Amino acid sequence: MSHLLHCRDFFAPRIAVFHPLAVNIGLRYANSRRSFISFISVVAIAGLVLSVAVLVLVTSVMNGFERELQQRVLGVLPHLTLRGSRPLEQWESYAHRLEALPGVVGVTPTITGTGLLVARGRSAGVAFSGIDPVREARASDLARYVDGGLGQLVDGAFSVLLGRGVAARLGVTVGDSVTAVLPDASVSLLGLIPRQKKLTVMGIVDTQSELDQRSAYIDLRDAQRLFRLGSRVDGLNIRLADLFEAGDIGTAAVAAFEGEALYSVTWMRMHGNLYRAIVFQRAMMFLLLSLLVGVAAFNLVSALVMVVNQRRADVAVLRTLGASTGSIVTAFLVLGAVIGVIGVCLGLLLGSGASLLVQAGYPWLERTLGLHLMSQYFISYLPAEIRLMDLLTVTSVALLLSLASTIYPAFRAARLNPAEVLKHE
């Protein structure tokens, strides 16, 4: 009888506030002041918070890598390149026809070659790129990463824009001179002598990616003189509205010049494996960390089973008062849902906050510890990008797992025999 009176006094004040009664009971259990039950709830919530936060953080970092590859690296490199078996003449006519193709944003001529830069007793191997500054500004984002823009490359001035990594290895800065040494040699009375040309550094390219370690950009006309191409170019770089259409547009471009021995090279051929690796790793990390969320969510099973054991007498009294099996099940489902919602929401906040701080905090950590953890990657910093769809996916997965974890304890509570329980009270 004492349990009956206690139960009536415990739940009566709230019955008028919440409907139905089962929801009121579940919320009262979630807000219980009993120390043991409160401790169990805190532990269950903490597990969800940490697992959801880690999932959000890792997913955001993988999103950041994908974004930087698309916007930074592929923003500078061509989406598609059209080449021939030998250098192209009258490339302007090719460019006009390519610009008319659907999906093409810009077309720019290019000359590529390798060589050695020497300055102050140091040397660095580089990949030269001869570019048209005006067309390049429409066909790539290179100008964004150069102080002063591409207008510093002037025909006949033999100026050069160096990647930050190249400039650091040579110990040069803007205004300094470097000597370009080309692999083809000139014949003289002294025999074969490597061809050399002095260049003036007019700008530093800082994309914070692997491109900075080997790139050197010169004006297109200077490159034609340097590599003895006359008015010809090595190929045409094409920027696309959708870089994933590179294969189809490349096929259409080759077909438009049928019989002229041209072929296309897509970004997927050069960096496709890296992109696919990032996408695959993001999917795998999401799957693996979802299992971590699942482990935390299923910890609710043991937590709620202990709550059921603590509330056996209350459940038995409720059953004697006429509470249905559905009401008991609903009460414990509400309890599990409250724990799950609190854990998931706090995890989303913690993970999102960590994602916002990681990109800004990584350089400080790198300087403080003297580590260069990103030196082996295609970018030299740790990016992060929070996407709403990912947050919704994480929330859905975590809540579904949390609710699934409450089913067994809820039905266990509903199957309690009131007479057996109250006999021992």
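What you are looking at is a predicted structure, and each value in this text was computed from that prediction instead of being measured.
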Solution key, residues 42-55 side-chain donor-acceptor pairs under 3.5 Å, sequence neighbours excluded:
unit_1, atom_1, unit_2, atom_2, d
S51, OG, G47, O, 3.0
S51, OG, L48, O, 3.1

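Counting only heavy atoms from C-beta outward, the side chains of T200 and F158 never approach each other to under 4.5 Å. Side-chain contact check for L116 versus V126: every heavy-atom pair is 4.5 Å or farther apart. Looking only at side-chain heavy atoms (C-beta outward), I204 and V174 come within less than 4.5 Å of each other. Within the 4.5 Å cutoff, no side-chain heavy atoms of M285 are placed close to those of V61. Counting heavy atoms from C-beta outward, V58 and F286 have side chains that stay 4.5 Å or more apart. Here the side chains of F227 and F128 are in contact, with some heavy-atom distance below 4.5 Å. For the pair L240 and I238, the minimum side-chain heavy-atom distance is below 4.5 Å. The shortest side-chain heavy-atom distance between V160 and L162 falls under the 4.5 Å cut-off.
Here the side chain of S352 pairs no donor or acceptor atom with the backbone of L349 at under 3.5 angstrom. Between the side chain of R67 and the backbone N or O of M62, no donor-acceptor pair lies under 3.5 Å. Proximity of a side-chain donor or acceptor of R120 to a complementary backbone N or O of G171 within less than 3.5 Å is detected. No donor-acceptor distance shorter than 3.5 angstrom exists from the side chain of Q213 to the backbone of G163, with no hydrogens or angles considered. No side-chain donor-acceptor contact under 3.5 Å links W267 to the backbone of P78. Side-chain atoms of S123 never come within 3.5 Å of backbone atoms of A119 as a donor-acceptor pair (strictly under, hydrogens ignored). The closest donor-acceptor contact from the side chain of D219 to the backbone of V154 lies at 3.5 Å or more, if one exists at all. Without hydrogens or angle criteria, D212 side chain to Q208 main chain gives a donor-acceptor distance under 3.5 Å. Judged by distance alone, with hydrogens and angles left aside, the side-chain atoms of R239 form no donor-acceptor pair with the main-chain N or O of T108 at under 3.5 Å.
Here the shortest heavy-atom pairing between F65 and P383 reads N-CG, 3.6 Å. The two residues N63 and D390 come nearest to each other via the heavy atoms ND2-OD2, 2.5 Å. When all heavy atoms of L153 and Y217 are compared, the closest pair comes out as CD2-O, 3.8 Å. In plain terms, the two heavy atoms of I218 and S159 that are nearest each other are CG2-O, 3.5 Å. Taking both residues in full, the closest heavy atoms of L88 and G235 are given as CD1-CA, 4.1 Å, listed atom of the first, atom of the second, then distance. Considering all non-hydrogen atoms of both residues, P109 and L220 come closest at CG-CD2, 3.6 Å.
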Stepwise, does the side chain to side chain contact (heavy atoms under 4.5 Å, CB included) test hold for R138 with V107?
CA-CA 8 Å; R138 297 197 299 265; V107 179; over 6 Å; no
Check step by step if side chain to side chain contact (heavy atoms under 4.5 Å, CB included) holds for L356 and I386.
CA-CA 8 Å; L356 294 174; I386 301 173; 4.0 Å; yes
side-chain hydrogen bond (donor to acceptor under 3.5 Å, both in side chains) evaluation trace for T81 with N237:
CA-CA 4 Å; T81 300; N237 290 341; 3.0 Å; yes
Starting from the C-alpha separation in whole Å, work towards a yes-or-no answer on side chain to side chain contact (heavy atoms under 4.5 Å, CB included) for V201 and T173.
CA-CA 7 Å; V201 180; T173 186; over 6 Å; no
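Taking CZ of R164 as the reference point, atom CZ of R169 lies at 13.5 Å (rounded to 0.5 Å). One distance of note links CD1 of I131 with OG of S129; it measures 7.5 Å at 0.5 Å rounding. Here the CG-OG distance, from L236 to S264, works out to 12.0 Å after rounding to the nearest 0.5 Å. Distance check, rounded to the nearest 0.5 Å: CZ of R221 to CD1 of I111 gives 9.5 Å. Note that CG of D242 is 7.5 Å distant from CD1 of I249, once rounded to the nearest 0.5 Å. Rounding to the nearest 0.5 Å places NE2 of H79 at 11.0 Å from OG1 of T266.
The salt bridge (Lys or Arg N to Asp or Glu O under 4.0 Å) search around E99 returns R135, not counting sequence neighbours.
Shown here is R387, whose CZ atom has more than 12 heavy atoms of other residues, nucleotides or ligands within 6.0 Å. Residue D155 places its CG atom among more than 12 non-hydrogen atoms of other residues, nucleotides or ligands, all under 6.0 Å distant.
None of V181, L170, V178 except one satisfies the side chain to side chain contact (heavy atoms under 4.5 Å, CB included) rule with V118; the exception is V181.
Between R144 and D206 there is no salt bridge, since no side-chain nitrogen of the basic residue lies less than 4.0 Å from a carboxylate oxygen of the acidic one.
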